[in-house]
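Positions are given from 1 along the sequence.
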Amino acid sequence: MLRPPVLVLAVLALAGCGGSRSGSSTALLQPEKLTAQAPQTFDATFETTAGTFVVHVRRAWAPRGADRFYNLVKNGFYDGQRIFRVVPPFVVQWGISADPDVSAAWETATIPDDPVRTHNTRGTISFASAGPDTRTTQVFVNLGDNRQLDSQGFAPFGTVTSGMDVVTALYGGYGDRPTAHQGEMTAQGEAYFASSWPKLDTIRSATVN
């Protein structure tokens, strides 16, 4: 899934840059207020327990997706959460908050789909979804050439430009098994990950550059 709902891949989902994120915890409980337009291009740096990778976002590829990703990164949504799906040579996926209250706030904060303007090739990043117009917070990086996802509406909004070796080295020993437990992940957050899937890598921080 690129979120069960996510890729139902059962073939399987503030203005400015930089600066302080004080107040982000409160902001994350009010997704309706996090609607800043992203720059036309920007980088997001992810520091993980496996190393660092950088995502270069191109708003022209998928404006709604780029804006949502910008607001999530800018406000610390991805900080402290596990990368719960690592399935070579398919995808790496994350986007479930370590805080159950934050997950609950974003559960219905969907955005409309973007037209697919570029292919889901290796290194590109897209939002997971459960069907039309259901994108919320989960994203995935393609580990291979997944152009079959183009026709399913998965619209890439950026590319990993540095640290793809880190992305491919993220812990994948659990395979796709954690994906079936997204209800528990959402309801219990980090407590569930720590007890049931403790080896999953963690995003220490994600920042807009």
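With sequence neighbours excluded, the residues satisfying side-chain hydrogen bond (donor to acceptor under 3.5 Å, both in side chains) with R147 are D145. When the side-chain hydrogen bond (donor to acceptor under 3.5 Å, both in side chains) test is applied to T124, the partners found at least two apart in sequence or on another chain are N142. Residues that satisfy the side-chain hydrogen bond (donor to acceptor under 3.5 Å, both in side chains) test with Q40, not counting sequence neighbours, are absent from this structure. Residues that satisfy the side-chain hydrogen bond (donor to acceptor under 3.5 Å, both in side chains) test with D99, not counting sequence neighbours, are absent from this structure.
Between F154 atom CZ and N146 atom CG the span is 10.5 Å, to the nearest 0.5 Å. Of the inter-residue distances, the one linking N71 atom CG with T137 atom OG1 reads 13.0 Å to the nearest 0.5 angstrom. Taken to the nearest 0.5 Å, the OG atom of S196 stands 10.5 Å off from the CZ atom of R82. The CD atom of Q182 sits 4.0 Å away from atom CZ of F84, with the distance rounded to the nearest 0.5 Å. Once rounded to the nearest 0.5 Å, the distance linking CD1 of I203 with CZ of F77 reads 9.5 Å. We find the CD-OH distance between Q37 and Y70 to be 10.0 Å, quoted to the nearest 0.5 Å.
Taking the six-membered ring where tryptophan is involved, the planes of F127 and F69 are perpendicular, since the angle between them exceeds 60° and thus also 30°.
Looking at S126 and L149, their side chains never come closer than 4.5 Å, going by heavy atoms from C-beta outward. Contact annotation: the side chain of F90 never approaches that of D176 to less than 4.5 Å [non-hydrogen atoms, C-beta and beyond]. For the pair L200 and W94, the minimum side-chain heavy-atom distance is 4.5 Å or more. Taking the side chain as every heavy atom from C-beta outward, Y192 and H181 approach each other to under 4.5 Å.
Side-chain N or O atoms of D114 include one that pairs as donor or acceptor with a backbone N or O of R64 at under 3.5 Å. Put simply, the side chain of T49 gets close to the backbone of T202: a donor and an acceptor are under 3.5 Å apart. At distances below 3.5 Å, at least one donor-acceptor pair connects side-chain atoms of D150 with backbone N or O atoms of N120. Between the side chain of N209 and the main chain of F42, no donor-acceptor pair closer than 3.5 Å is present.
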Which is it for L34 and K74 under the side chain to side chain contact (heavy atoms under 4.5 Å, CB included) test, yes or no, and what are the steps along the way? CA-CA 9 Å; L34 302 185; K74 183 74 174 175; over 6 Å; no
Show your working on side chain to side chain contact (heavy atoms under 4.5 Å, CB included) between F193 and Q81 and close with a plain yes or no. CA-CA 9 Å; F193 285 109; Q81 63 181 245; over 6 Å; no
Can D113 and R135 be said to form a side chain to side chain contact (heavy atoms under 4.5 Å, CB included), step by step? CA-CA 7 Å; D113 290 338; R135 296 180 298 172; 3.9 Å; yes
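A pairwise comparison of heavy atoms in P31 and A105 identifies CG-O, 3.3 Å as the closest pair. When all heavy atoms are compared, the tightest approach of M185 to P178 is CE-O, 2.7 Å. Looking at every heavy atom in both residues, A66 comes nearest to F157 through N-CB, 4.2 Å. For the residue pair V87 and R85, the shortest heavy atom distance occurs at CG2-CG, 3.8 Å. Heavy-atom minimum distance, Q152 versus Q148: NE2-O, 3.6 Å. Scanning both residues, S103 and I96, for their nearest heavy atoms gives OG-CG2, 4.1 Å.
Hydrophobic clustering (side-chain heavy atoms under 4.5 Å, transitive across Ile, Leu, Val, Met, Phe, Trp, Tyr) groups V139 together with V102. When hydrophobic clusters are built by joining Ile, Leu, Val, Met, Phe, Trp and Tyr residues whose side-chain heavy atoms come closer than 4.5 Å, directly or via intermediates, V54 is not grouped with I125. At a threshold of 4.5 Å between side-chain heavy atoms, the hydrophobic network of Ile, Leu, Val, Met, Phe, Trp and Tyr places I111 and L29 in two separate groups. The hydrophobic clustering, which links ILVMFWY residues whose side-chain heavy atoms are closer than 4.5 Å, places V141 and V116 apart.
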Which atom pairs, one a donor and one an acceptor, fall under 3.5 Å between side chains of residues 55-63 and the rest of the protein, sequence neighbours left out?
unit_1	atom_1	unit_2	atom_2	d
H56	ND1	D43	OD1	2.6
R59	NE	D67	OD1	2.7
R59	NH2	D67	OD2	2.9

Side-chain atoms of residues 163-174: list all donor-acceptor pairs with protein atoms under 3.5 Å, sequence neighbours left out, distances to 0.1 Å.
unit_1	atom_1	unit_2	atom_2	d
T168	OG1	M164	O	3.3
T168	OG1	D165	O	2.9
Y174	OH	K199	N	3.1

